[in-house]
Enquirer: 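Pasting a structure below so you can have a look.
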Amino acid sequence: MRYFLSFMLVMLLFGAVVLYSSYFIVHQNEQALVLRFGDPTARDAPITKAGLYWKIPFVETVEVFDKRILDIDTDPQTVTVADKKQLVVDSFMRYRITDPLKFYQKFLTVNGARTQLIRMLESTMGLVLGSATIEQVVRDKRRELMQEIMRRVNIDAHLLGVEIVDVRIMRADLPPSISEAIYKRMQTERQQEAAQFRGEGEEQSRKIKADADRRVTVLKAEASRDAEKTRGEGDSERNRIFADAYNRDEGFFEFYRSMQAYEKGLKSGSGETRMVITPDTDFFKYFKDPNAGFTPTPKP
């Protein structure tokens with residue numbers, strides 16, 4: 001009896017394992033391929049609908065593939081474009097598995113597919129971008145070039161059970177060495193332009209200064225001319241006043257001119273006044289007699 005119970009327990013466990021190994025679940029975002037002894041063609045078609053399915057345990061195995069859109073990011077690739085210039089292109093690709101049977105037969109795994117698809121994308125990108133100019137890649141026809149790359153990659157990808165949904169060029173730059181050379185050339189051009197602008201500015205500055213100096217010279221000459229004219233007119237008027245004063249009162253005029261001579265000749269603080277004359281000279285006559293030489297003007 002004890003051996004029978006043990007046997008029944010083993011059989012139950014074996015049945016549970018067999019039952020557990022006999023079914024599998026395909027989710028909404030998955031598709032499956034049943035392999036019988038590794039042969040993917042044993043079943044009629046891949047399973048693409050979600051649900052519970054059965055398989056022969058220990059004989060059939062299940063490979064599950066994603067139905068969603070998958071991404072592939074490529075490493076930066078150096079491409080020579082039509083005008084013999086090099087570009088470093090960074091791109092990515094989106095794809096979905098449309099035929100799990102072909103996909104499995106060609107790649108076995110998703111990682112193997114990624115490697116093959118990257119090679120296809122890089123080679124196609126080299127061909128398409130190699131016939132375009134750098135302006136078309138960077139600016140003018142970037143969208144059209146991406147669509148052409150996707151179209152060409154899709155031709156080969158359909159044979160592998162894959163559909164390319166999108167191809168994008170994220171970045172297209174010149175190589176660092178060429179970028180540095182272009183930057184230096186642009187810097188040199190800007191320095192030359194700056195030197196030219198400075199030269200033109202200095203030339204304009206010299207013209208403005210020369211014109212200003214010429215105007216200053218003219219203004220000074222005109223001012224000196226006007227000053228001499230005014231001074232001459234002032235001297236003439238002064239002489240006329242002196243002559244009129246002399247005609248009116250010769251004694252007072254002589255006294256006034258003597259006071260001016262005393263002021264200039266005996267000016268204190270100069271330290272340079274030297275006169276060698278006798279005290280009884282006519283120069284000092286007004287020191288002796290303030291009325292010397294003064295003749296009152298008779299009243300009319």
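Owing to the predicted nature of the structure, the values given are computational and were not obtained by experimental measurement.
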Enquirer: List in chain and number order the residues that pass salt bridge (charged side-chain N to carboxylate O under 4.0 Å, His left out) with R152, two or more places apart in sequence or in another chain; answer none if no residue qualifies.
Expert: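 Salt bridge (charged side-chain N to carboxylate O under 4.0 Å, His left out) check on R152 returns E148.
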Enquirer: Within the side chain of T217, is there an N or O that forms a donor-acceptor pair under 3.5 Å with the backbone of D213?
Expert: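 Flag set: sc T217 to bb D213 pair under 3.5 Å.
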Enquirer: Test side-chain contact (heavy atoms from CB on, under 4.5 Å) on R96 and R68 and set out the steps.
Expert: CA-CA 6 Å; R96 67 161 59 95; R68 296 172 295 184; over 6 Å; no
Enquirer: Could you walk me through whether Y104 and L35 pass side-chain contact (heavy atoms from CB on, under 4.5 Å), step by step?
Expert: CA-CA 10 Å; Y104 181 79; L35 283 70; 3.0 Å; yes
Enquirer: Quick one: side chain to side chain contact (heavy atoms under 4.5 Å, CB included) partners of R215, sequence neighbours excluded?
Expert: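 Per chain and number, R215 pairs via side chain to side chain contact (heavy atoms under 4.5 Å, CB included) with D211.
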Enquirer: Taking atom NZ of K67 as the centre, report whether more than 12 heavy atoms of other residues, nucleotides or ligands fall under 6.0 Å from it.
Expert: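 Yes, because the 6.0 Å sphere around NZ of K67 holds more than 12 heavy atoms from other groups.
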Enquirer: Considering only residues two or more places apart or on different chains, which pairs with a residue in residues 60-82 satisfy ring-ring contact (aromatic ring centres under 6.0 Å, His included)?
Expert: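 Of all non-adjacent pairs touching residues 60-82, those that pass ring-ring contact (aromatic ring centres under 6.0 Å, His included) are F65-F103.
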Enquirer: At what distance, to the nearest 0.5 angstrom, does CG of D99 lie from NZ of K106?
Expert: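 Reported value, rounded in 0.5 Å steps: 11.0 Å.
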Enquirer: Nearest 0.5 angstrom please: L160 CG to L117 CG, how far?
Expert: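 The CG atom of L117 is 7.0 Å from CG of L160, to the nearest 0.5 Å.
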Enquirer: Go through the steps to decide whether Q196 and E200 satisfy the test side-chain contact (heavy atoms from CB on, under 4.5 Å), and finish with yes or no.
Expert: CA-CA 6 Å; Q196 180 181 357; E200 294 176 354; 3.4 Å; yes
Enquirer: Should side-chain heavy atoms under 4.5 Å link Ile, Leu, Val, Met, Phe, Trp and Tyr, which residues sit in the same cluster as L159?
Expert: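 Result for L159 is none, singleton.
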Enquirer: Residues sharing I69's hydrophobic cluster, by side-chain heavy-atom contacts under 4.5 Å among ILVMFWY, directly or via others?
Expert: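 I69 shares its hydrophobic cluster with V165.
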Enquirer: Roughly how far, to the nearest 0.5 Å, is CG of D156 from NE2 of H158?
Expert: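 Separation between the atoms: 10.5 Å.
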Enquirer: Give the table of side-chain donor-acceptor pairs shorter than 3.5 Å for residues 26-33, with sequence neighbours excluded, one pair per line with atom names and distance.
Expert:
residue: E30; atom: OE1; partner: H27; partner atom: N; Å: 3.3
residue: Q31; atom: NE2; partner: I97; partner atom: O; Å: 2.9

Enquirer: Give the minimum heavy-atom separation between A132 and V137, together with the two atoms involved.
Expert: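 It is CB-CG2, 4.0 Å.
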Enquirer: Provide the closest heavy-atom pair for M125 versus S91 in the form atom of the first, atom of the second, distance.
Expert: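 Closest pair (atom of M125, atom of S91, distance): CE-OG, 3.2 Å.
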Enquirer: For A157, check side chain to side chain contact (heavy atoms under 4.5 Å, CB included) against everything at least two apart and list the hits.
Expert: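 Expected list: M120, N154, V162, I164.
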Enquirer: Could you walk me through whether L121 and I72 pass the side-chain contact (heavy atoms from CB on, under 4.5 Å) check?
Expert: CA-CA 10 Å; L121 175 62; I72 295 179; 5.8 Å; no
Enquirer: To the nearest 0.5 Å, how far apart are CZ in R198 and CD in Q191?
Expert: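 It comes to 8.5 Å.
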Enquirer: Drop me the distance from T74's OG1 to I169's CD1, to the nearest 0.5 angstrom.
Expert: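 T74 OG1 to I169 CD1: 9.5 Å, rounded to 0.5 Å.
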Enquirer: Can you list everything that forms a side chain to side chain contact (heavy atoms under 4.5 Å, CB included) with K207? Sequence neighbours excluded, please.
Expert: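 Partners of K207 by the side chain to side chain contact (heavy atoms under 4.5 Å, CB included) criterion, ordered by chain and then number, come out as E203, Q204.
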Enquirer: For the atom pair CZ (R94) and CZ (R168), what is the distance rounded to the nearest 0.5 Å?
Expert: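 The distance works out to 8.0 Å.
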Enquirer: Considering only residues two or more places apart or on different chains, which pairs with a residue in residues 115-129 satisfy side chain to side chain donor-acceptor pair (under 3.5 Å)?
Expert: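 Qualifying pairs, neighbours excluded: Q116-R119.
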Enquirer: Check side chain to side chain contact (heavy atoms under 4.5 Å, CB included) between R225 and all other residues, then give those that pass, not counting sequence neighbours.
Expert: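 For R225 the side chain to side chain contact (heavy atoms under 4.5 Å, CB included) partners, ignoring immediate neighbours, are E222.
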Enquirer: Test question: given the 4.5 Å side-chain rule for I, L, V, M, F, W and Y, name all other residues clustered with F92, or answer none.
Expert: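 M170, which link up through side-chain heavy atoms under 4.5 Å apart, make up the rest of the cluster.
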Enquirer: Is there a path of hydrophobic side-chain contacts, each under 4.5 Å between heavy atoms of I, L, V, M, F, W or Y residues, that connects L101 with Y95?
Expert: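 Yes, L101 connects to Y95 through the hydrophobic network.
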Enquirer: Any donor-acceptor pair under 3.5 Å linking the side chain of T78 with the backbone of V88?
Expert: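 Answer holds: no.
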Enquirer: Just to verify, which of K141, M146, R142 counts as forming a side-chain contact (heavy atoms from CB on, under 4.5 Å) with E144?
Expert: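 Answer after filtering K141, M146, R142: K141.
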Enquirer: Under 4.5 Å side-chain heavy-atom separation, chaining through any Ile, Leu, Val, Met, Phe, Trp or Tyr, what else clusters with L127? Say none if it is isolated.
Expert: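 Answer for L127: none, a lone residue.
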